[in-house]
A.B. asks: 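Quick one: this structure, given as structure tokens, is what I'll be asking you about.
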Amino acid sequence: MEKGFLALILHAHLPFVRHPEFPDFLEEDWFYEAITETYIPLLKVFQNLTNEGIKFRITMSVSPTLLAMFQDSLLQQRYLKKIEKLIELAEKEVERTKWLPEFHDLALMYLEHYRFCHYFFAEKYRCDLTLAFKELMEAGNLELITCGATHGFMPLMINQTAIKAQVVTAVQSHIKAFGRPPRGIWLPECGYQPGVDEILRENGIRFFFTDAHGILHASPRPKYGVFAPIYCPSGVAAFGRDLESSKQVWSADEGYPGDPFYREFYRDIGYDLEYDYIRPYLPSSGIRVQTGIKYFRITGRTMDKHPYNIWIARERAATHAGNFMFNREKQIEYIASIIDRPPIVVSPYDAELFGHWWFEGPMWLDFLIRKITFDQNTIRLISPADYLEMFPKNQVSVPSMSSWGYKGYNEVWLEGSNDWIYRHLHKAADRMVELAMNYPNASGDLRRALNQAARELLLLQSSDWAFIMKTGTMVEYAVKRTKIHINRFNQLYDQIKYNRIELGYLGELEHKDNIFPNINYQIYNPNLSTRALQPEVAATLV
Amino acid sequence: MTREELAGKTKKDLIEIAKSMGVKGTSKLTREELIEHVLLLDPPFSANPEDVKAISHHLEATIGGADSIYTQPPLPEHLSKVAVYAEAEQDIPPSYNDTRIALLVRDPYWLYTYWDINSEVKSKISQEYGDFQKIALVLRVYDVTGIDFNGHNSNYYFDININNYTNSWYINVGNPNHSFCVDIGFIKPDGSFYTIVRSNFVTTPRDNVSEVIDEEWMIIEEDFKRLYRAAGGGQGNSSLELIESLLLKLEKEMGSGAVSSLASPVKYQYQPKDRKFWFVLNTELIVYGATEPDAKVTVQGEPITLRPDGTFTMRFALPNGIQYIPVVASSADGIDTITITPIVTRETI
């Protein structure tokens, strides 16, 4: 009998980046790279475990923007072209490295992986990877949860109806992709403010996560700290992040991904190889970028990097998985000695850390799941929903406003580089609510324009833009995206309000910003209850 | 290969597979050990054998044909000329000509406010109190914790003098778990405060554990400290030390949603601080030639594919040492064979 539980949470999210007006677009590569390096490797690990009959529970949030990109036919086709190019490049690399055995083996590994990706994507799932997630959900091994519709950061929204719209749209897109409503949500950036849980409850969501201090600083004081959930007054459960297990993976000094035998992210043939050779695989502008083919290991604090060896790295991943498991066992034994119920340790990570940043991450996860299954009896993998079924009685307390950003509150998304956006975000939200109330039953072109205005507002609210402005890479793109959605929203607002909708313009926006095809602008009408907007969810609410 | 597939094979097959992967001393190993060895050595990305067949079949059928296996409607004509990043698309209004002040929480100690004042309101004020641009604007911050604020009953308030050229401000309230709102206005000649507009109400988060204890869910103080420490609160003994070390951990940027942009979450990269000068030199060798288009050509024993016109190009990274590169061309009927063997030496001094 286990002494406690481990809930591993992978948060998969990318902002909606789709530019049909350009033949290729640099920032779209985030999505293509993540498919090749993170999503397919993770899905493969989970599928192999499932095929071998290993029972496990992993919770994964798939953000609605990511779902929309998975299901978008333009991006699907562009991914296929990307992976074809990568296969071609890897074939050339296999030949070029013939006299360098260490590199040659790696080139073969990449070639094999890219060929597998092409098959997995195009043949097995007919270009729609949401089907692979759905399969694993149906097998009972993945608990799929949702996120804010466009990853809008809720603690910095004032208009409650705008928060509601983020949640309603998220739940709708989750149901459309996976056929059932999500039981939980990953609040964007782990950003919680008291009251948001009431909106979650109305949408049938039973649990969410906060960072450690969100629970530790809850009031009344939570008896079990972060090692058991608390119920918000709304009845929605809040689980707190465990910092100890996070640190082992995230920390720059102590984290596993910094191991000298692991693959070095920054050395990529896109930068290293002779220009004319690599040119066909670079963006049309010709700037050098990452291709994904990397031959070196981290080595140490040196510029003189040594060749990567996958077998040694794999051994390290196995060792690190063992170490992680051992530490969780000790942690859970210790906590179980203090509290009078089996503790739950909640370890959330960005999914894109695995594979993309930490190349060995999917292997590590594979080893970890196998070891937990076969090598010990102290801990068991669990999803928060399962935990709530086993332990339905929990303390009622109000979590503290918090996020998992630097310093734990809202500063990442509210500081000198990005604070200018909020007057526009708030204004657009208020205007959208005004439109929804003024045109309660629109039809035809007016309805189309209202729906498109809702899309522009949602895209504007992505926390990614403020985040990128703060962190300082790709800032120009984030600023442009913000300004463009402000502009498009305001154009539509004026056109609707002054009754001169330009159909050509509207059609163009519908074509470009085509996220959430079934959106209903009435989600912005504060007088309409969630039950009216979410019949599927309403049916499940008691 | 999966465990199940391997379990279905004979020991002889397993030995063959293990040998092909370079496992030594296979005859001494038991079936189970062989399976473990094979599983460990199975390349991390390799698919199972069915997949390998399926993959090559799939690729033969589809590669280079993204357009045909997945068709995308062509871009409507009117869109192909639209420059999405036209400057005009980035025009945003500097102001919405509202009279509004909004208040946001940054952290337990700081708030952020922005405001906008309608031009009519400004001219009305100007008529009564003189040129608006010359009026000294003031932010009046009210602590409204636990009260139903009516404009006069705040717990306390303080004023911040601002200039007319800004439209936002960070306010240090230094008071966690308190509620605030803010007015923008000015001090009238009679000393009273003129409120132009009032903000929404916000509450700063706690920076500490709650002093409220629920009797049904009591825990002794010492045990709670242990839990707090185990949750990342570190080794501190006083609750203040515990909190400080928790906050310190949070500041280490552990998973701040950083990868959402695929921007670097953690810098593992070694960045030399002082002198940045560096130099790299590599050599590659290009081997190219031509023969009859239907000829068979091997390079170092491996067949290569000719272009339709019979030419070919090979490119190799060239390490130090000697390379013998026999290139053999044979006519389609197998009668003629010509071998040319360049020998290339690279030395680095």
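Side chains are part of it too, since the values below use all heavy atoms of this structure and drop only hydrogens, waters and symmetry mates. The sequence lines fix the lettering, A, B, ..., with proteins before strands; numbering per chain opens at 1.
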A.B. asks: Check B/Asp207 against A/Tyr409 and note the closest heavy-atom contact, atom names and distance.
C.D. replies: CA-OH, 4.2 Å
A.B. asks: Does any heavy atom of chain B fall under 4.5 Å from the side chain of A/Tyr224, the backbone, both, or neither of them?
C.D. replies: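 Both backbone and side chain.
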A.B. asks: Return the NZ to CD distance between A/Lys483 and B/Glu89, rounded to the nearest 0.5 Å.
C.D. replies: 13.0 Å
A.B. asks: Return the orientation label for the B/Tyr96 and A/His424 ring planes: parallel under 30°, perpendicular over 60°, tilted otherwise.
C.D. replies: perpendicular
A.B. asks: Check B/Ile92 against A/Trp420 and note the closest heavy-atom contact, atom names and distance.
C.D. replies: CD1-CZ3, 3.9 Å
A.B. asks: Measuring heavy-atom distances to chain A, does B/Leu103 have an atom under 4.5 Å in its side chain, in its backbone, in both, or in neither?
C.D. replies: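 It is the backbone, since no side chain atom gets that close.
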A.B. asks: Heavy-atom distances under 4.5 Å only: say whether A/Ala218 touches chain B with side chain, backbone, both or neither.
C.D. replies: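 Interface part for A/Ala218: backbone (N, CA, C, O).
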A.B. asks: So for A/Ile338, is it side chain, backbone, both, or neither that comes closer than 4.5 Å to the heavy atoms of chain B?
C.D. replies: both
A.B. asks: Chain A heavy atoms under 4.5 Å from B/Glu284: which part of the residue, side chain, backbone, both or neither?
C.D. replies: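 Only the side chain of B/Glu284 comes within 4.5 Å of chain A.
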A.B. asks: With a 4.5 angstrom heavy-atom cut-off, could you sort out which part of A/Leu156 is near chain B: side chain, backbone, both or neither?
C.D. replies: both
A.B. asks: Give, for atom OG of A/Ser219 and atom CD1 of B/Ile213, the distance between the pair rounded to the nearest 0.5 Å.
C.D. replies: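 CD1 of B/Ile213 is found 9.0 Å from OG of A/Ser219.
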A.B. asks: Please state whether the side chain, the backbone, both or neither of A/Ile339 comes within less than 4.5 Å of a heavy atom of chain B.
C.D. replies: side chain
A.B. asks: Output the option from A/Asn490, A/Thr482, A/Val226, A/Thr97 having the highest count of non-hydrogen pairs under 4.5 Å with chain B.
C.D. replies: A/Asn490
A.B. asks: Between A/Asp419 and chain B, with a heavy-atom cut-off of 4.5 Å, which part of the residue counts as in contact: side chain, backbone, both or neither?
C.D. replies: both
A.B. asks: Could you tell me which of B/Val212, B/Ile220, B/Leu318 has the largest number of non-hydrogen atom pairs under 4.5 Å with chain A?
C.D. replies: B/Val212
A.B. asks: Could you report the tightest heavy-atom contact between A/Trp99 and B/Ile325, atom names first, then the distance?
C.D. replies: CH2-CD1, 3.6 Å
A.B. asks: How long is the straight-line distance from OH of A/Tyr277 back to CD1 of B/Ile286, given to the nearest 0.5 Å?
C.D. replies: 10.5 Å
A.B. asks: Taking all heavy atoms of B/Val105 and all of A/Asn410, pick out the closest pair and write down the distance.
C.D. replies: O-ND2, 2.8 Å
A.B. asks: Please look at A/Ile158 and chain B and tell me whether the side chain, the backbone, both or neither of the residue comes under 4.5 angstrom of a heavy atom of that chain.
C.D. replies: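 When you check distances to chain B, only side chain atoms of A/Ile158 fall under 4.5 Å.
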A.B. asks: Calculate, to the nearest 0.5 Å, the distance between atoms CZ and NE2 belonging to B/Arg206 and A/His217 respectively.
C.D. replies: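 B/Arg206 atom CZ to A/His217 atom NE2 measures 9.0 Å (nearest 0.5 Å).
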A.B. asks: Is there a side chain to side chain contact (heavy atoms under 4.5 Å, CB included) between B/Leu104 and A/His426 once you walk through the steps?
C.D. replies: CA-CA 11 Å; B/Leu104 293 170; A/His426 295 157; 3.8 Å; yes
A.B. asks: Testing the basics here: between A/Glu95 and B/Thr313, what is the closest heavy-atom pair and its distance to 0.1 Å?
C.D. replies: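 In terms of heavy atoms, the two residues are closest at OE2-O, 4.0 Å.
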A.B. asks: With only heavy atoms counted, which part of B/Asp223 is less than 4.5 Å from chain A, the side chain, the backbone, both or neither?
C.D. replies: both
A.B. asks: In terms of heavy-atom proximity below 4.5 Å to chain B, should A/Gln331 be classed as side chain, backbone, both, or neither?
C.D. replies: side chain
A.B. asks: Tell me every residue that passes side chain to side chain contact (heavy atoms under 4.5 Å, CB included) with B/Asn167, counting only those two or more places apart in sequence or in another chain.
C.D. replies: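 By the side chain to side chain contact (heavy atoms under 4.5 Å, CB included) rule, B/Asn167 matches A/Arg423, B/Trp115.
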A.B. asks: Considering only heavy atoms, which portion of A/Asn394 lies under 4.5 Å from any heavy atom of chain B: side chain, backbone, both, or neither?
C.D. replies: backbone
A.B. asks: Would you say B/Arg315 and A/Glu274 make side-chain contact, with heavy atoms under 4.5 Å?
C.D. replies: yes
A.B. asks: Report the C-alpha separation of A/Lys480 and B/Gln90 in whole Å, then their side-chain angles, then the decisive distance to 0.1 Å, and conclude whether the side-chain hydrogen bond (donor to acceptor under 3.5 Å, both in side chains) test is met.
C.D. replies: CA-CA 7 Å; A/Lys480 278 180 178 173; B/Gln90 293 185 50; 5.9 Å; no
A.B. asks: What part of A/Phe120 gets within 4.5 angstrom of chain B, counting heavy atoms only: side chain, backbone, both, or neither?
C.D. replies: neither
A.B. asks: Does B/Arg106 have any salt bridge (charged side-chain N to carboxylate O under 4.0 Å, His left out) partners at least two apart in sequence or in another chain, and if so, which?
C.D. replies: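 A/Glu411.
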A.B. asks: Return yes if some donor-acceptor pair links the side-chain N/O of A/Arg96 with the main-chain N/O of B/Ala317 below 3.5 Å, else return no.
C.D. replies: no
